[in-house]
Amino acid sequence: MPKVVDHEGRRAELAVALWRVALRDGFDAVTVRSVAEESAWSAGALRHYFPDKTTMVLFAIDFVVESVRRRIGDANAAAGTLTPQLVQDHLEQFLPLDDERRLESEAWFALVTLAHRDSAAAERRTQVDDLIRGAVESAVAALEELGALGADRTRAAETARLHALLDGMVLQLLARPPRLSPEQARDMLVRHLAELRV
């Protein structure tokens, strides 16, 4: 009788190894070879699941998207009602304010780099960017619902500005050395959201 292989289980095992390498050594260190060594698999066996770095980055991005969705869902469940703090908390999920979110942002930048030379990466980058834009637009809509968006401000314009601000803060937080601390980034976001009231 042929042996049944749990492909999803193996893929999950490799995902854990991929993230261990990334957490320990940074996302640039994630390669087929480094993940094979971490997982104690041969590079050939690993290539069955992740034939190249692009495949690994796309897999990592899917993991990031699900992690962010889970954190936002958990925040919604814990809060119960819509508040300005809940909006702030949602937006902070897109900033590298701790080790987990820093790694997620590094994975995003790996995708951005790959998107310049790989069509699958370019397509996924557009999809993820659209998801982020949608989340920012939802945050602006929530501010409007809370009466925290000035009467002369439009949802579209403030969504574009806030998305650009978040992208800029990600760059500043990832810089070596960082140009912003997590505390400064949080404060900047608080001040920006407060300014939207007028």
Could you check R101 against E92 for side-chain contact (heavy atoms from CB on, under 4.5 Å), going step by step and ending with a plain yes or no?
-> CA-CA 9 Å; R101 286 177 282 183; E92 285 183 9; 4.1 Å; yes
Give the ring-plane orientation class for Y49 versus W41, where under 30° counts as parallel, over 60° as perpendicular and anything between as tilted.
-> perpendicular
Salt-bridge present (R69, E66; N to O < 4.0 Å) | yes
Determine, for R102 against D98, whether the closest basic-nitrogen to carboxylate-oxygen distance falls under 4.0 angstrom.
-> no
Q127 CD: over 12 foreign heavy atoms closer than 6.0 Å = yes
Does any N or O in the side chain of R191 come within less than 3.5 Å of the main-chain N or O of R186, such that one atom is a donor and the other an acceptor?
-> no
Exam field: side chain R124 to backbone I61, donor-acceptor pair closer than 3.5 Å = no
Under-4.0 Å salt bridge between R10 and E13 = no
Considering residues at least two apart in sequence or located in another chain, which fulfil the ring-ring contact (aromatic ring centres under 6.0 Å, His included) criterion with F59?
-> F50
L189 vs L162 side-chain heavy atoms within contact, under 4.5 Å | yes
E123 side chain vs A120 backbone, donor-acceptor pair below 3.5 Å | no
Between R153 (side chain) and L196 (backbone), is there a donor-acceptor pair under 3.5 Å?
-> yes
If you round to the nearest 0.5 Å, how far is CG of L166 from CD1 of I132?
-> 9.0 Å
Are R70 and E104 close enough for a salt bridge, meaning some N to O gap below 4.0 Å?
-> no
4.5 Å side-chain heavy-atom contact, L146 and P84 = yes
In terms of heavy-atom contacts, does CZ of R24 have more than 12 from other residues, nucleotides or ligands at under 6.0 Å?
-> yes
Under the side-chain contact (heavy atoms from CB on, under 4.5 Å) criterion, do S105 and L173 qualify, and how do the steps go?
-> CA-CA 10 Å; S105 293; L173 286 158; over 6 Å; no
Answer yes if the side chains of D89 and Q93 hold a donor-acceptor pair under 3.5 Å, and no otherwise.
-> no
Salt bridge check: are R71 and E100 linked by an N-O gap of less than 4.0 Å?
-> yes
Go through the side-chain N and O atoms of D52 and T55 and say whether any donor and acceptor fall under 3.5 Å apart.
-> yes
Heavy atoms only: give me the nearest A115-R125 pair and the separation to one decimal.
-> CB-CD, 3.8 Å
Tell me, do N76 and H90 make a side-chain contact under 4.5 Å, heavy atoms counted?
-> yes
Just by distance, do the side chain of S34 and the backbone of A29 share a donor-acceptor pair under 3.5 Å?
-> yes
Hey, does the side chain of K53 reach the backbone of V32 with a donor-acceptor pair shorter than 3.5 angstrom?
-> no
Are V170 and V190 joined in one hydrophobic group, where the rule is that I, L, V, M, F, W and Y side chains link up if heavy atoms are under 4.5 Å apart?
-> no
Determine, for R155 against E137, whether the closest basic-nitrogen to carboxylate-oxygen distance falls under 4.0 angstrom.
-> no
Step by step, work out the side-chain contact (heavy atoms from CB on, under 4.5 Å) result for E158 and E144.
-> CA-CA 11 Å; E158 296 312 325; E144 190 173 34; over 6 Å; no
More than 12 non-hydrogen atoms from neighbouring residues, nucleotides or ligands closer than 6.0 Å to CG on D99, yes or no?
-> no
